[in-house]
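These notes are about the structure you will find just below.
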There are 2 protein chains.
Amino acid sequence: METKKSHGVQGRPRAFNVDIALEQALLLFWRKGYLGTSLTDLTEAMGINRPSLYAAFGNKETLFRKALDRYRDQRTTYVRDALEEPTARRVIERIMQGVVELVTNPNNPSSCLVAQSLLTFADPDDPLHQELVERRAADELAIRDRFERAASEGDLPPDADPADLARFVLTVNSGLSVQAAGGASRTELLQVVQTALQACPILD
Amino acid sequence: METKKSHGVQGRPRAFNVDIALEQALLLFWRKGYLGTSLTDLTEAMGINRPSLYAAFGNKETLFRKALDRYRDQRTTYVRDALEEPTARRVIERIMQGVVELVTNPNNPSSCLVAQSLLTFADPDDPLHQELVERRAADELAIRDRFERAASEGDLPPDADPADLARFVLTVNSGLSVQAAGGASRTELLQVVQTALQACPILD
DNA sequence: ACTAATCTGTACCAATCGGTAAATAAATCG
DNA sequence: CGATTTATTTACCGATTGGTACAGATTAGT
């Protein structure tokens with residue numbers, strides 16, 4: 001039986017929880033940015049020392065990529081949830097309201113990690129640039145696919161272009177994140193969402 | 001007479017042009033971000049050595065502020081120009097088209113320096129945070145004032161809120177900048193602008 | 001008990017960071 | 001001509017950067 005206390009592998013067991021440590025790293029990267037976060041900052045927040053970090057996560061860059069994964073899987077679930085809404089209008093509404101909730105939640109830093117990192121590594125020469133472009137493109141594709149389904153279901157006017165509409169939604173989303181970093185309140189951002197919704201060629 | 005070759009002040013004259021040096025610094029900050037730009041990067045691009053930089057510009061932070069001034073005065077003139085358009089619709093159109101032209105111009109880095117820096121220093125504890133918030137707020141105020149004038153001139157529907165509309169315009173503008181950093185083409189961004197224009201409660 | 005495997009802690013590395021001291025060079029003023 | 005003022009050059013500073021060598025500690029397998 002494998003129901004022993006053993007964790008299956010030889011050697012001294014980890015003295016820290018990898019998930020919790022990664023969460024702390026994510027919060028720090030999110031608040032201070034990749035370049036603004038030092039290894040010392042990280043190890044202090046994660047409660048481990050440097051060799052443990054390197055053994056468990058590789059290096060600063062791979063740790064950041066794992067933080068991006070966690071961000072996608074645990075903080076931007078509102079995108080996937082929104083895609084399951086029955087109408088295009090409600091999809092858009094939920095995506096936009098989702099990002100407002102995300103960036104104005106007092107437990108979170110007041111910006112979107114992907115947008116922030118994309119502007120930090122806007123130079124195509126930066127090693128993380130392509131990675132971030134691809135993550136953003138994946139979101140865009142998922143939303144576009146959903147709008148194409150909407151179009152085929154008669155849920156969008158015939159002249160509406162699903163690809164354009166997906167780009168518009170993501171543009172507003174990024175903009176909301178910048179506005180939040182600039183100190184805009186949740187009420188103000190929700191008002192912006194209402195204005196943006198009027199732009200969408202959707203039936204209601 | 002003061003028409004001599006003398007430049008009026010004693011001492012050895014500068015061997016470099018301050019304006020040109022500042023322009024190089026701006027381009028570098030814009031492309032690599034504040035934290036991604038080192039003093040060595042700066043002095044190399046500016047063609048001067050370190051003590052000259054400190055004598056002429058103070059330190060890295062004050063140099064950055066001067067670069068921000070130059071950015072405002074020489075790269076975002078489209079905002080002031082747009083405010084002089086006769087109708088609210090054309091004001092909005094020109095602002096949005098202006099930022100698209102700015103961030104997709106092959107001579108420029110593909111993002112907005114203020115949005116980029118605002119996300120870099122989104123933490124209110126960062127020394128440059130407040131500065132950036134204020135610069136952004138100044139733009140918002142100018143646009144809001146213009147829309148209030150439009151409202152009083154009957155150029156906006158009575159239910160349109162000038163403050164909300166100004167925030168919406170700046171939200172889209174920031175979003176366009178992030179999209180550009182993500183690799184969106186000028187055509188795609190102009191399409192987004194057309195979609196955004198439909199959101200605006202404006203008479204046409 | 002012994003060996004192999006893995007993690008922890010200390011202590012360190014070369015490189016780079018932002019910033020400056022001090023000597024020299026080039027201009028103006030008297 | 002000095003004397004004064006400002007800029008340039010070289011060489012350097014302490015601090016911090018991301019990353020690692022190595023010895024000791026803790027586990028599992030035999």
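This one's a predicted model, so the numbers in the text were calculated from it and none came from an experiment. Here is the naming used below: chain letters follow the sequence lines, and residue numbers restart at 1 for every chain.
The residue A/Thr37 sits close only to the backbone: its heavy atoms come under 4.0 Å of sugar-phosphate atoms, none of a base. Among the heavy atoms of the strands lying under 4.0 Å from B/Ala15 are primed sugar atoms or P, OP1, OP2 only; no base atom is included.
Atom-to-atom, CG of B/Leu42 to C1' of C/dG19 comes out at 13 Å; the value is rounded to the nearest Å. As rounded to whole Å, 15 Å separates atom P of D/dG19 from atom CZ of A/Phe57. To the nearest angstrom, P of D/dG18 lies 13 Å from CG of A/Leu128.
Nearest nucleotide to the A/Arg14 side chain, out of D/dG19, C/dC7, C/dC29: C/dC7. Distance from the side chain of A/Ser52 is smallest to C/dT8 among D/dA7, D/dG29, C/dT8. Comparing atom distances between the B/Pro51 side chain and each of C/dA21, D/dG18, C/dC17 picks out C/dA21 as nearest. Taking the side chain of A/Pro13 as heavy atoms from C-beta on, and the options D/dT27, C/dA26, D/dT20, the nearest nucleotide is D/dT27. Set against D/dT5, D/dT8, D/dG29, the side chain of B/Gln10 has D/dT5 as its closest nucleotide.
Taking the six-membered ring for Trp and the full ring otherwise, the centers of A/Tyr34 and A/Phe121 sit less than 6.0 Å from each other.
The minimum heavy-atom distance between A/Arg186 and A/Thr104, with the atom names listed, is NE-OG1, 2.8 Å. The nearest pair of heavy atoms linking B/Leu102 to B/Asn108 is O-ND2, 3.1 Å.
The side chain of B/Asn49 contributes an N or O atom lying less than 4.0 Å from OP1 or OP2 of D/dT9. The phosphate of C/dC17 has OP1 or OP2 within less than 4.0 Å of a side-chain N or O from B/Ser38.
Heavy-atom nearest nucleotides on DNA chain D were determined for A/Asp41 and for B/Arg50, and the one closer to the 5' end corresponds to B/Arg50.
For the side chain to side chain contact (heavy atoms under 4.5 Å, CB included) test with A/Thr171, the passing option among B/Val192, B/Val178, B/Val193 is B/Val192; the others fail.
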